[in-house]
Colleague: 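First the structure, which I've put down as structure tokens, then a few questions once you've had a look.
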Amino acid sequence: MLNNLNERIAYYRRKCALTQEELAEKCSVTPQAVSKWENGLTSPDISLLPRLAEVFGITTDELLGVGRPETAALATSAFDPAKAIMRLRVDSKEGDHVRMNLPLSVAKIVIQSGSINVGASNDALKNIDFDQIINLVNSGVIGKLVEVESADGDTVEIWVE
């Protein structure tokens, strides 16, 4: 469990296969600053948080440990599936990153057409039953619906909001 900012910085740096020196260069700081962040001796300046999140391919909320709400069923009257937005995040071991935020109906077409090409992660996408996701959303289930991490290190996450 990544309870502290320093642990999350170290985790995401390693996940992105970056050295401390490479991360330092991307953030215009010294490698010693990155080392101090990861060891919990100091924290990055608040103005660097968006840059760190961008480098890691995550949101600032994720960097700060503010999790997205897990799947939650809503009363049908409180949620309009026609207005649902699918947020897809794919990170391949090869370094490919896809971020998609589309209306649910459009996202399904894009994914099933094979328009997204992210190497090995395509296998994970092909195995996702988007019809089932549509059925869940139509019944009022939203939030994080899919989280897959392959043995190869590829990750796929799908939220519907």
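In this text, all values refer to a predicted model and were calculated from it rather than measured experimentally. Numbers here simply count residues along the sequence, with the first being 1.
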Colleague: If the condition is side-chain hydrogen bond (donor to acceptor under 3.5 Å, both in side chains), which residues does Ser47 pass it with, not counting sequence neighbours?
Modeller: Asp45
Colleague: Would a single hydrophobic cluster contain both Leu52 and Leu41, if residues Ile, Leu, Val, Met, Phe, Trp and Tyr are joined by side-chain heavy-atom contacts under 4.5 Å?
Modeller: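 No, Leu41 does not connect to Leu52 through the hydrophobic network.
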Colleague: List the residues meeting side chain to side chain contact (heavy atoms under 4.5 Å, CB included) with Gln32, not counting sequence neighbours, and say none if there are none.
Modeller: Thr30
Colleague: Check side-chain hydrogen bond (donor to acceptor under 3.5 Å, both in side chains) between Thr60 and all other residues, then give those that pass, not counting sequence neighbours.
Modeller: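 By the side-chain hydrogen bond (donor to acceptor under 3.5 Å, both in side chains) rule, Thr60 matches no residue at all.
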Colleague: For the residue pair Arg87 and Ile85, establish whether any side-chain heavy-atom pair is separated by less than 4.5 Å.
Modeller: yes
Colleague: Taking all non-hydrogen atoms of both residues, which atom of Leu48 and which atom of Cys27 are closest, and how far apart?
Modeller: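 Taking Leu48 first and Cys27 second, the nearest heavy atoms are CD2-O, 3.6 Å.
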Colleague: Which residue pairs satisfy the ring-ring contact (aromatic ring centres under 6.0 Å, His included) criterion with at least one member in residues 133-155, sequence neighbours excluded?
Modeller: none
Colleague: Please tell me if the side chains of Thr59 and Glu62 come closer than 4.5 Å, counting only heavy atoms from C-beta onward.
Modeller: yes
Colleague: Begin from the C-alpha positions of Met86 and Ile158 and carry the test side-chain contact (heavy atoms from CB on, under 4.5 Å) through to its verdict.
Modeller: CA-CA 7 Å; Met86 176 182 280; Ile158 298 174; 3.8 Å; yes
Colleague: Is any side-chain heavy atom of Ile9 closer than 4.5 Å to one of Leu23?
Modeller: yes
Colleague: Using the test side chain to side chain contact (heavy atoms under 4.5 Å, CB included), find all partners of Leu102 that sit at least two apart in sequence or belong to another chain.
Modeller: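 Checked Leu102 against side chain to side chain contact (heavy atoms under 4.5 Å, CB included); matches are Met100, Val106, Ala107, Val110.
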Colleague: Less than 4.5 Å apart, side chain to side chain, heavy atoms only: is that true for Asn6 and Asn39?
Modeller: no
Colleague: Side chain to side chain contact (heavy atoms under 4.5 Å, CB included) with Lys26: which residues, sequence neighbours excluded?
Modeller: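 Counting only residues at least two positions away or on another chain, Lys26 forms a side chain to side chain contact (heavy atoms under 4.5 Å, CB included) with Leu18, Arg51, Val55.
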Colleague: Determine whether Thr155 and Lys15 make a side-chain contact, defined as any pair of heavy atoms from C-beta on separated by less than 4.5 Å.
Modeller: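 The answer is yes, as the side chains (C-beta and beyond) meet within the 4.5 Å cut-off.
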Colleague: With sequence neighbours excluded, give me every ring-ring contact (aromatic ring centres under 6.0 Å, His included) pair touching residues 28-60.
Modeller: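 Every ring-ring contact (aromatic ring centres under 6.0 Å, His included) pair that includes a residue of residues 28-60, provided the two are not neighbours, is Tyr12-Phe56.
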Colleague: For the residue pair Leu5 and Leu63, what are the closest heavy atoms and their distance?
Modeller: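 Looks like CD1-O, 3.4 Å.
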Colleague: Indicate the atoms forming the closest heavy-atom contact of Glu21 with Pro31, along with that distance.
Modeller: CG-CG, 3.9 Å
Colleague: Look at atom CD of Glu25 and say whether more than 12 heavy atoms of other residues, nucleotides or ligands are closer to it than 6.0 Å.
Modeller: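 Not more than 12 within 6.0 Å, no.
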Colleague: Arg13: what forms a salt bridge (Lys or Arg N to Asp or Glu O under 4.0 Å) with it, not counting sequence neighbours?
Modeller: Glu38
Colleague: Flag the pair Arg89 / Ile58 as yes when at least one side-chain heavy-atom distance between them is below 4.5 Å, and no otherwise.
Modeller: yes
